[in-house]
Amino acid sequence: MNELTLQAFEHFVGRFGTEVDTRLREARTAEDVEAIRVEYLGRANGKLTDYQKQIPTFSGEERKLAGQQFNAVKKLIEGRLAETLTELSRVTRLSVPDVDLTMPSRSQFRGAEHPVTVVIEEIVEIFREIGFTVATGPEAETEWYNFTALNFPPDHPAMDMHDTMYLAEDVVLRTHTSPVQIRSLQAGPPPIRVVIPGNVYRLDPFDASHAPMFAQIEGLAVDEGISFVDLKATLTHFATRFFGATRTRFRPSYFPFTEPSAEMDVECRLCKGSGCPACKGTGWMEILGSGMVHPNVLDAAGVDSEKYTGWAFGMGPARIALQRYGIPDIRVLYDSEMRFLGQVAR
Ligand code: DAH
């Protein structure tokens, strides 16, 4: 290369900046970028590198200006090369051959809470508002917690292997949440006000109205001077809060762990009390069992039955969910059928 005037040097070197810019716009791959780098900055015959050799031919102030110009352009080119590489790496990922960018995107999938979970949470919340706390207990229980302490006589049919899943000689999968009453009483002392959600197990066939595993919610209130009035008032309050204005009724019943015992019905949601297949023509739906805690139960748990009284209830949120959503078959709650669950999603 002939010796140049400073003006010519600045002109040619300056042009490389724009030239490289234009070239890089056409680069499609990292290899294209590398080729451009070698062409301009390559050590052997790089277009810009060649001009570096010109710098010593200037003297004094001119050499300094030429050096500055050279470095500025070199820096500019290096910067653009790096930028282009980053841009390309982003674009290349999108344009790999087997991704079809014109395909319609998948519709959004939004999860939702299961209807039984929704019902459990609402029930728990209503009791929370009036001072109850939540308690839980193990699903594998000894016979003592599941039956004996709850005043089941030793030969009660519920203890039969046909109804109850035994894990070992003395250990069962709890058949109800009532054993957590005993655990709560033992953790005492009264006053006790707890609700106990949890899963329970029975050797039932899986049909329209039975499942071998289902949720229950237990309630327990024990204090001095608690009476059947508290039971009725609290459970009626619950029914009104949960179902809205509704008629309720209590029917005498029997459970080993309560005396007296009562089942609570609410007016059938589907026919408003006039009678339909869902309520077997009665106009009423049974929603829970309840009663005054049997003194034997308090004593078994070490709570003084002379001093304290209490009431308890147990209900099945799945049955209540069926009622609320007008579902005729309990199995749909366990099918994981997304089209159904999507319909009732909150
Ligand atoms: N444990 C009973 C069941 O599974 C339900 C029940 C009834 C619970 C009355 C109670 C109660 O606490 O007082 O069928």
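Both ligands and their constituent atoms are indexed starting at 1 by order of listing. One-based numbering along the sequence shown.
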Side chain to side chain, [X] and [Y], heavy atoms closer than 4.5 Å:
X: I330; Y: D207; answer: no
X: L288; Y: L235; answer: yes
X: F228; Y: K232; answer: yes
X: R193; Y: I130; answer: no

Quick one: look at A312 and ligand 1, take heavy-atom pairs under 4.0 Å, and tell me if it's side chain, backbone, both or neither.
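It is both backbone and side chain that touch ligand 1.
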
Is there a donor-acceptor pair under 3.5 Å between the side chain of [X] and the backbone N or O of [Y]?
X: R247; Y: D265; answer: no
X: Q216; Y: T177; answer: yes
X: T309; Y: S305; answer: no

Between [X] and ligand 1, does any nitrogen or oxygen pair lie at a separation below 3.5 Å?
X: T258; answer: no
X: Q181; answer: yes
X: G219; answer: no

Minimum-distance protein heavy atom relative to [atom]:
atom: atom 11 (C) of ligand 1; result: F257 CE1, 3.5 Å
atom: atom 5 (C) of ligand 1; result: G314 CA, 4.1 Å
atom: atom 12 (O) of ligand 1; result: E218 OE2, 2.6 Å

If we count only N and O atoms by modelled type, under 3.5 Å, do the side chains of R269 and T246 hold a donor and an acceptor together?
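Yes, a side-chain donor-acceptor pair sits under 3.5 Å.
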
Which of the listed options, M315, H176, R202, M292, holds the heavy atom that is closest to atom 14 (O) of ligand 1?
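Looking at heavy atoms only, the winner is R202.
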
As an exercise, identify every atom of ligand 1 less than 4.0 angstrom from a heavy atom of S178.
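Per the distance check, 1 (N), 8 (C).
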
For ligand 1, which atoms, with element, lie under 4.0 Å from some heavy atom of G291?
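Those qualifying, in numeric order: 13 (O).
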
I'd like to know whether ligand 1 has Q216 as a neighbour, heavy-atom separation below 4.0 Å.
yes

